[in-house]
K.L.:
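Here it is: the structure, laid out below.
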Amino acid sequence: MFSTWLNKQVTQARRYLFLGKKTTNCTEVLGMCKQHCNFAHDKEICAMKEIPSFNAYIEKSIKAHWDLNALTDYKGKTLQYHDVARKIEKLHILFENGGIVKGDKIALCGRNSAHWAVAYLAIITYGAVVVPVQNEFTPEQIYNIVNHSESKLIFVGDVVAPNLTIEPMPAIEAIVYLPDFSLRECKSEKLSFAREHLNEIFGKKYPKYFRKEHVAYHQDKAEELAIINYTSGTTGFSKGVMLPYRALWGNLDFVMHELAPHVPVGGNILSILPMAHMYGQMFEFILAFCAGAHNHFLTRQPSPSLIVEAMSEIKPAIVSAVPLMVDKIIRKKIFPLVQNSRVKLLSNMPVIGKKVKNNICQMVRDLFGGNVYEVIVGGASLNKEIEEFLTDIGFPITVVYGTTETAPVLTFTDQSQFAPGSCGIPVRHVEVKIASNDPLNIPGEIIARGINVMQGYYKNEEATRQVLDQDGWYHTGDLATMAPDGHIYIRGRIKNMLLGSNGQNVFPEEIEDKLNSMTLVNESLVVQKGDKLVGLVYPEMDEVASLDLSPEDLEGIMEQNRHELNTILPSYCKLSAIKVHDTEFEKTPKRSIKRYLYQNV
């Protein structure tokens with residue numbers, strides 16, 4: 001009873017502090033909170049009104065690193081920090097003279113590039129709301145998001161631009177072309193005039209030259225809306241996640257404390273992940289820019305061979321990746337060299353084994369550029385075979401966990417404290433719990449609250465109520481257990497969980513992880529048909545072709561895989577069949593399989 005009352009009191013105190021009001025019992029409540037509820041970072045969480053400006057970080061970095069390289073399109077042009085500041089200022093002039101006001105929504109849709117980064121920085125430091133849109137989306141999806149968000153402008157890249165017109169977007173006043181910031185289509189005379197006379201207006205405002213002293217950005221407030229990030233999702237139409245500046249600041253403060261010390265000023269970061277997602281946005285782009293590093297953008301779809309080529313040239317200090325990327329690099333570049341009887345024999349010898357593993361570790365390091373402090377994997381769990389291999393050779397790997405709704409980080413540990421199978425421990429500024437009576441042994445839902453958590457879903461109160469409870473807890477929908485030392489172990493998605501014929505909970509991800517390591521399996525998906533489990537497999541087609549295997553041969557191999565897999569699975573998890581899927585599974589931009597598309601296959 002006391003804890004329930006106390007939670008309500010803390011929630012009320014937090015609400016008053018958000019609003020800048022005074023409450024006589026706030027200090028008393030916080031004291032009891034620390035004494036009885038063991039709140040993580042309670043002082044930071046409950047003092048949100050004192051959160052510094054997120055934009056101040058950007059402003060400070062530009063001034064401190066004025067003459068350093070900032071943004072480069074791979075094999076293309078480089079912008080220094082002062083170049084970025086100048087372009088931001090010109091876009092601010094365009095906004096101001098074009099009638100765009102603080103709080104207006106501005107959509108941003110294009111491949112990773114230096115100008116994507118400039119547009120993002122210009123929007124957020126002006127005080128407008130950024131609406132990042134995946135450039136892989138269809139025109140209809142883009143129109144839906146732009147219209148739902150009520151965006152006034154949309155910046156588009158070279159791939160997206162030819163497929164969009166302004167008519168289906170009634171609130172849009174202009175389409176801005178990212179490569180040169182020209183107006184492709186415009187309905188506003190003010191914007192047309194401002195763009196046509198932009199250099200002239202800039203020259204009048206700064207008649208001599210533009211200096212760092214002129215850089216002064218919007219001073220944001222904690223609860224002010226900064227981003228509406230539409231989740232791609234795997235279960236239908238995406239929702240607009242409302243992220244206030246406090247959520248961005250909380251994540252930025254985390255990466256500046258945990259990651260920036262390993263990214264030297266002037267050092268390199270390779271931007272591989274889509275910046276329209278919070279993971280790539282925070283761990284690559286914003287981290288690098290605020291740390292004074294040099295960010296390189298691939299500007300095109302990142303294949304494993306392109307990534308390896310770019311890493312060898314750029315030599316990034318930290319690499320952020322999704323599991324599929326790491327998996328493919330290791331399987332294609334390393335396993336063929338080390339998975340033979342001679343290497344395995346030497347690896348198991350007491351003295352020589354350590355040297356062999358060190359040499360293999362250096363081979364992997366070289367693939368990632370040779371200068372990497374750690375490789376951070378997020379977005380999904382790393383395949384256990386790959387994880388075990390990397391930890392066995394001492395490679396600096398670690399895992400981060402979070403959601404778009406938390407902008408994005410919830411748990412992380414440095415590679416030196418990485419626990420295999422875990423996604424880390426709760427990070428600063430958030431409290432994370434497992435909703436289970438026995439979180440050590442019985443999986444429960446991961447719930448979180450703190451300054452990283454979203455305000456809700458844009459214009460969708462019902463969806464907001466489903467995930468944000470009255471005490472401020474965000475319900476992730478992910479199932480996990482928690483070790484006594486705080487390490488969290490993901491066990492599956494609540495929505496993905498299947499119910500076995502005997503009432504046992506079945507987590508398909510755990511089966512898929514084992515199946516993905518078997519002969520000729522590229523990727524897999526486990527679905528339920530009545531009371532039976534079926535594995536859908538997309539094979540390694542290159543290997544199938546090189547071995548000249550017939551469809552019957554392939555079916556025989558998959559049947560053998562099924563028998564081997566079933567020997568290591570509990571009875572309620574065994575597969576009744578494996579069906580070959582002849583095309584790669586359709587995925588979200590985060591490379592998660594869209595499960596809902598295959599439930600009736």
Side-chain angles (χ1 to χ4, degrees), residues 54-92 108 110-125 155 157-158 178-181 202 206 209-215 217 252 255-256 259-275 280-300 302 306-321 368-376:
F54 171 80
N55 284 333
Y57 254 119
I58 296 171
E59 182 178 318
K60 180 180 178 181
S61 183
I62 286 175
K63 292 177 178 178
H65 310 115
W66 191 253
D67 292 320
L68 296 181
N69 292 335
L71 311 172
T72 293
D73 289 335
Y74 185 54
K75 307 290 189 184
K77 293 182 179 179
T78 293
L79 299 178
Q80 295 186 317
Y81 280 84
H82 64 82
D83 297 318
V84 174
R86 186 181 182 91
K87 288 179 181 291
I88 288 173
E89 186 63 24
K90 286 191 174 184
L91 287 175
H92 284 183
L108 178 54
R111 295 182 295 182
N112 289 10
S113 69
H115 272 195
W116 192 104
V118 168
Y120 175 98
L121 294 170
I123 296 166
I124 207 162
T125 57
F155 287 80
D158 53 354
L178 276 172
D180 59 7
F181 297 123
F202 183 85
Y206 305 104
Y209 45 83
F210 181 70
R211 303 188 302 269
K212 65 176 72 174
E213 292 78 13
H214 295 132
V215 175
Y217 296 145
L252 176 56
V255 297
M256 291 301 288
L259 302 180
H262 308 295
V263 180
V265 172
N268 292 328
I269 290 289
L270 178 62
S271 187
I272 301 168
L273 304 166
M275 290 198 295
Q281 196 178 117
M282 186 60 64
F283 274 67
E284 294 175 338
F285 165 44
I286 294 175
L287 163 65
F289 196 84
C290 291
H294 183 188
N295 211 330
H296 300 256
F297 304 99
L298 289 179
T299 72
R300 58 187 188 271
L306 175 63
I307 292 169
V308 170
E309 174 195 325
M311 287 192 297
S312 66
E313 181 178 334
I314 292 165
K315 304 186 185 310
I318 284 177
V319 170
S320 299
F368 286 91
N371 190 44
V372 66
Y373 170 74
E374 65 185 0
V375 173
I376 304 167

K.L.:
Okay, side chain of H82, backbone of D67: is any donor-acceptor separation there less than 3.5 Å?
P.N.:
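No; zero donor-acceptor contacts below 3.5 Å.
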K.L.:
Do T72 and K77 touch side chain to side chain, with heavy atoms closer than 4.5 Å?
P.N.:
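No. Closest side-chain heavy atoms not under 4.5 Å.
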K.L.:
Would you say E284's side chain and L273's backbone share a donor-acceptor pair under 3.5 angstrom?
P.N.:
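Flag set: sc E284 to bb L273 pair under 3.5 Å.
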K.L.:
For V255 and M282, which heavy atoms make the closest approach, and how far apart are they?
P.N.:
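Looking at all heavy atoms of both residues, the closest pair is CG1-CG, 4.2 Å.
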K.L.:
Could you check whether any side-chain N or O of K63 sits under 3.5 Å from a backbone N or O of V215, counting only pairs where one atom can act as donor and the other as acceptor?
P.N.:
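Pair found, side chain donor or acceptor close to backbone of V215.
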K.L.:
Ignoring hydrogens and geometry, is there a side-chain-to-backbone donor-acceptor pair from N112 to M275 under 3.5 Å?
P.N.:
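Confirmed, N112 side chain pairs with M275 backbone.
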K.L.:
How long is the span from the CG atom in L108 to the CH2 atom in W116, to the nearest 0.5 Å?
P.N.:
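Reported value, rounded in 0.5 Å steps: 4.5 Å.
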K.L.:
For the CE atom of M311 and the CZ atom of F368, what is their distance to the nearest 0.5 Å?
P.N.:
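Nearest 0.5 Å value for the CE-CZ distance: 5.0 Å.
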K.L.:
Quick one: CZ on F289 to CG on N295, what's the gap to the nearest 0.5 Å?
P.N.:
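Rounded to the nearest 0.5 Å, the CZ-CG separation comes to 9.5 Å.
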K.L.:
Would you confirm whether Q80, through its side chain, and W66, through its main-chain N or O, come within 3.5 Å as a donor-acceptor pair?
P.N.:
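Checked: no pair found.
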K.L.:
Supply the atom-to-atom distance L259 CG to I318 CD1, rounded to the nearest 0.5 angstrom.
P.N.:
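Reported to 0.5 Å precision, the distance equals 4.5 Å.
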K.L.:
Heavy-atom distance under 4.5 Å between the side chains of C290 and L252, does that happen here?
P.N.:
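Yes - at least one pair of side-chain heavy atoms lies under 4.5 Å apart.
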K.L.:
For residues S271 and H296, is any side-chain donor paired with an opposing acceptor at under 3.5 Å?
P.N.:
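No - no donor-acceptor pair under 3.5 Å links their side chains.
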K.L.:
Does atom NZ of K60 have more than 12 heavy-atom neighbours, drawn from other residues, nucleotides or ligands, at distances under 6.0 Å?
P.N.:
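Incorrect, the count does not exceed 12.
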K.L.:
Go through the steps to decide whether T78 and L71 satisfy the test side chain to side chain contact (heavy atoms under 4.5 Å, CB included), and finish with yes or no.
P.N.:
CA-CA 6 Å; T78 293; L71 311 172; over 6 Å; no
K.L.:
Check whether S61 reaches the backbone of Y57 with its side chain - one donor and one acceptor, N or O, closer than 3.5 Å.
P.N.:
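No, S61 side chain to Y57 backbone: no donor-acceptor pair under 3.5 Å.
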K.L.:
Output all residues satisfying side chain to side chain contact (heavy atoms under 4.5 Å, CB included) with A310, sequence neighbours left out; order by chain, then residue number.
P.N.:
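By the side chain to side chain contact (heavy atoms under 4.5 Å, CB included) rule, A310 matches Y74, L270, L298, I314.
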K.L.:
Quick one: does any side-chain atom of R111 pair with a main-chain N or O of T299 as donor and acceptor, under 3.5 Å?
P.N.:
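At least one qualifying donor-acceptor pair exists.
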K.L.:
Charged N to carboxylate O below 4.0 Å: is that the case for K212 and E59?
P.N.:
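Judged by the 4.0 Å cut-off on N to carboxylate O distance, K212 and E59 do not form a salt bridge.
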K.L.:
Quick one: does any side-chain atom of H115 pair with a main-chain N or O of L178 as donor and acceptor, under 3.5 Å?
P.N.:
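Yes; at least one donor-acceptor contact below 3.5 Å.
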K.L.:
Would you call I286 and Y120 a side-chain contact if the rule is heavy atoms closer than 4.5 Å?
P.N.:
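A side-chain contact exists here, since the closest heavy-atom pair is under 4.5 Å.
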K.L.:
Could you tell me which non-hydrogen atom of I62 sits nearest to which non-hydrogen atom of A85, and how far apart they are?
P.N.:
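Taking every non-hydrogen atom into account, CG2-CB, 3.7 Å.
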K.L.:
Tell me if a side-chain donor or acceptor on H214 pairs with a main-chain N or O of R211 at a distance below 3.5 Å.
P.N.:
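Confirmed, H214 side chain pairs with R211 backbone.
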K.L.:
Please find the pair of heavy atoms, one from A293 and one from I269, that lie closest to each other, and give the distance.
P.N.:
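Scanning both residues completely, I find the closest heavy atoms to be CB-CG1, 4.4 Å.
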K.L.:
Are I376 and V319 packed together at the side-chain level, in the sense that at least one heavy-atom pair is separated by less than 4.5 angstrom?
P.N.:
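Of all side-chain heavy-atom pairs linking V319 with I376, none is under 4.5 Å.
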K.L.:
Is there a donor-acceptor pair closer than 3.5 Å between any side-chain N or O of H92 and the backbone N or O of A122?
P.N.:
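Answer holds: yes.
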K.L.:
Answer whether the closest heavy-atom distance between the side chains of K90 and F181 falls below 4.5 Å.
P.N.:
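K90 does not reach F181 side chain to side chain.
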K.L.:
Fit a plane to each ring of F210 and F202, take the angle between them on a 0 to 90° scale, and name the class: parallel (under 30°), tilted (30 to 60°) or perpendicular (over 60°).
P.N.:
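If you compare the ring of F210 with that of F202, the planes turn out tilted.
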K.L.:
If we only count heavy atoms from C-beta on, is the I124 to F54 side-chain gap below 4.5 Å?
P.N.:
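Heavy-atom side-chain distance check passes, below 4.5 Å.
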K.L.:
Measuring from atom CD1 of I272 to atom CZ of F297, what distance do you get when rounded to the nearest 0.5 angstrom?
P.N.:
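Here the interatomic distance stands at 12.0 Å.
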K.L.:
Can you confirm whether F155 sits close enough to I123 that some side-chain heavy atom of one is under 4.5 Å from a side-chain heavy atom of the other?
P.N.:
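They are in contact (side-chain heavy atoms under 4.5 Å apart), so the answer is yes.
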K.L.:
State the CG-OH distance between N69 and Y81, to the nearest 0.5 angstrom.
P.N.:
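Rounded to the nearest 0.5 Å, the CG-OH separation comes out at 9.0 Å.
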K.L.:
Please report the shortest heavy-atom distance between L79 and A114, naming the atom on each side.
P.N.:
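Smallest interatomic distance, heavy atoms only, reads CD1-CB, 4.1 Å.
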